[in-house]
Amino acid sequence: MAAVPSTAKPRSQPQNERAASMLRRTGRRTLGTVFGFLALTGIVSAHHGVTGRYDASAPIILHGTVTAATFSPPHPVFTVLVEARGLSKMALGRPGEYFGPLKTRAEDVGVERDVELSPVRLFYNLANRLRVGDQVTIVALRNCLSPHQLRSTWLRLPDGEVVSYTGDWAPGVDGCN
């Protein structure tokens, strides 16, 4: 088939700019619609723990070696190879947040566990201080809802400094029902 020559005139610069602007607006609207839909369905909220139910009656101690760390949004995540090591008494200073005694769970020992940290600057700032191979202690709460991820707002760094954030947006519950 022979190509049919176009009789359309080339667009002028202002027409090109208007078309590009319209395309950007359409893209923003589409993106806004997608995020709005995800927020309404609870997918975005559930991922960030806003709708999570974290069991503060059974705070979990994870002491071990950092095997991976990610400091990019939506939140920092540490992977810790948990050791079976006796821990000295720790003063957390958070009796209103943790309702039960701190425990190292048998099912965690010798296993790598991912722990999500609150998406706050305090934890993002650890990117220059925490490395794979470092020993840390983390107090984590288990989400009662599937997929039962672990969340933390308290950790002890290799140098002994405690990094702790209060006022988390997903308060703990007194047991999973």
Side-chain angles (χ1 to χ4, degrees), residues 31 35 38-39 42-177:
L31 190 57
F35 279 126
L38 292 175
I43 293 170
V44 172
S45 299
H47 175 77
H48 289 289
V50 174
T51 59
R53 297 185 58 230
Y54 293 90
D55 186 4
S57 69
I60 302 161
I61 291 287
L62 301 171
H63 175 81
T65 305
V66 175
T67 59
T70 304
F71 294 94
S72 58
H75 44 76
V77 177
F78 294 157
T79 303
V80 177
L81 177 58
V82 181
E83 299 172 1
R85 179 178 150 192
L87 299 171
S88 60
K89 295 277 184 188
M90 288 190 258
L92 298 178
R94 299 170 94 163
E97 230 174 300
Y98 302 130
F99 313 137
L102 301 169
K103 295 181 194 173
T104 297
R105 301 182 308 181
E107 67 263 27
D108 293 326
V109 176
V111 177
E112 288 187 332
R113 294 289 185 212
D114 292 331
V115 180
E116 298 176 355
L117 295 157
S118 294
V120 295
R121 181 173 296 158
L122 176 71
F123 294 122
Y124 284 114
N125 287 343
L126 295 176
N128 297 324
R129 299 183 60 198
L130 195 65
R131 302 278 182 249
V132 169
D134 285 348
Q135 293 280 308
V136 295
T137 302
I138 298 174
V139 177
L141 300 179
R142 178 183 170 271
N143 192 346
C144 296
L145 306 174
S146 185
H148 306 294
Q149 73 271 22
L150 299 176
R151 173 187 57 88
S152 180
T153 58
W154 189 100
L155 66 129
R156 179 177 285 153
L157 301 175
D159 65 4
E161 179 186 350
V162 170
V163 178
S164 177
Y165 176 74
T166 57
D168 201 18
W169 58 7
V173 296
D174 194 0
C176 295
N177 299 338

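- Take Asp114 and apply the side-chain hydrogen bond (donor to acceptor under 3.5 Å, both in side chains) test, not counting sequence neighbours, and it matches Thr79.
- The stretch residues 106-163 participates, sequence neighbours left out, in these disulfide bond (SG atoms under 2.5 Å apart) pairs: Cys144-Cys176.
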**Prompt:** Between Leu157 and Leu126, is a side chain to side chain contact (heavy atoms under 4.5 Å, CB included) present by the stated rule, with each step listed?
**Reply:** CA-CA 9 Å; Leu157 301 175; Leu126 295 176; 4.1 Å; yes
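- Checked against a 6.0 Å centroid threshold, the rings of Phe78 and Phe71 count as neighbours.
- Annotation for Pro76 and Ser118: closest pair CD-O, 3.7 Å, computed over non-hydrogen atoms.
- Considering CZ of Arg156 and NE2 of His63, their distance stands at 9.5 Å, rounded to 0.5 Å.
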**Request:** Show the numbers, then the answer: is there a side chain to side chain contact (heavy atoms under 4.5 Å, CB included) between Glu83 and Thr65?
**Result:** CA-CA 8 Å; Glu83 299 172 1; Thr65 305; 3.5 Å; yes
**Message:** Using the rule given for side chain to side chain contact (heavy atoms under 4.5 Å, CB included), can you reason through Asn143 versus Gln149, listing the C-alpha separation, both sets of side-chain angles and the distance that settles it, and then say yes or no?
**Reply:** CA-CA 6 Å; Asn143 192 346; Gln149 73 271 22; 3.3 Å; yes
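- Under a 3.5 Å cut-off, the side chain of Ser146 and the backbone N or O of His148 do not form any donor-acceptor pair.
- Evaluation of the salt bridge (Lys or Arg N to Asp or Glu O under 4.0 Å) test over residues 118-129, restricted to residues two or more places apart or in two chains, returns Arg129-Asp159, Arg129-Glu161.
- Counting only residues at least two apart or on different chains, no salt bridge (Lys or Arg N to Asp or Glu O under 4.0 Å) pair has a member in residues 131-142.
- When all heavy atoms of Gly52 and Leu145 are compared, the pair lying nearest together is CA-CD1, 4.1 Å.
- Annotation: side chain to side chain contact (heavy atoms under 4.5 Å, CB included) contacts of Val109 (sequence neighbours excluded): Ala84, Thr104.
- How far CG of Leu117 is from CD1 of Ile138: 6.5 Å, rounded to the nearest 0.5 Å.
- Atom CG of Leu155 is separated from atom CG of Leu62 by 11.0 Å, given to the nearest 0.5 angstrom.
- A heavy-atom distance below 4.5 Å is not found between the side chains of Ser164 and Leu122.
- When the side-chain hydrogen bond (donor to acceptor under 3.5 Å, both in side chains) test is applied to Asp108, the partners found at least two apart in sequence or on another chain are Arg105, Arg113.
- The two residues Ala140 and Val115 come nearest to each other via the heavy atoms CB-CG1, 4.4 Å.
- Here Thr153 contributes atom OG1 and Glu116 contributes atom CD; the two are 13.0 Å apart, rounded to the nearest 0.5 Å.
- Atom CG of Leu150 and atom OH of Tyr54 lie 9.0 Å apart (nearest 0.5 Å).
- In terms of heavy-atom proximity, Pro59 sits nearest to Gly100 at CG-O, 3.3 Å.
- Partners of Tyr124 under the ring pair (Phe, Tyr, Trp, His ring centres under 6.0 Å) rule, at least two apart in sequence or in another chain, do not exist in this structure.
- Residues forming a side chain to side chain contact (heavy atoms under 4.5 Å, CB included) with Ala56 (at least two apart in sequence, or on another chain): Phe99, Leu141.
- Thr67 meets the side-chain hydrogen bond (donor to acceptor under 3.5 Å, both in side chains) test with Glu112; sequence neighbours excluded.
- Of all heavy-atom pairs between Gly175 and Arg53, the closest is O-NH2, 3.9 Å.
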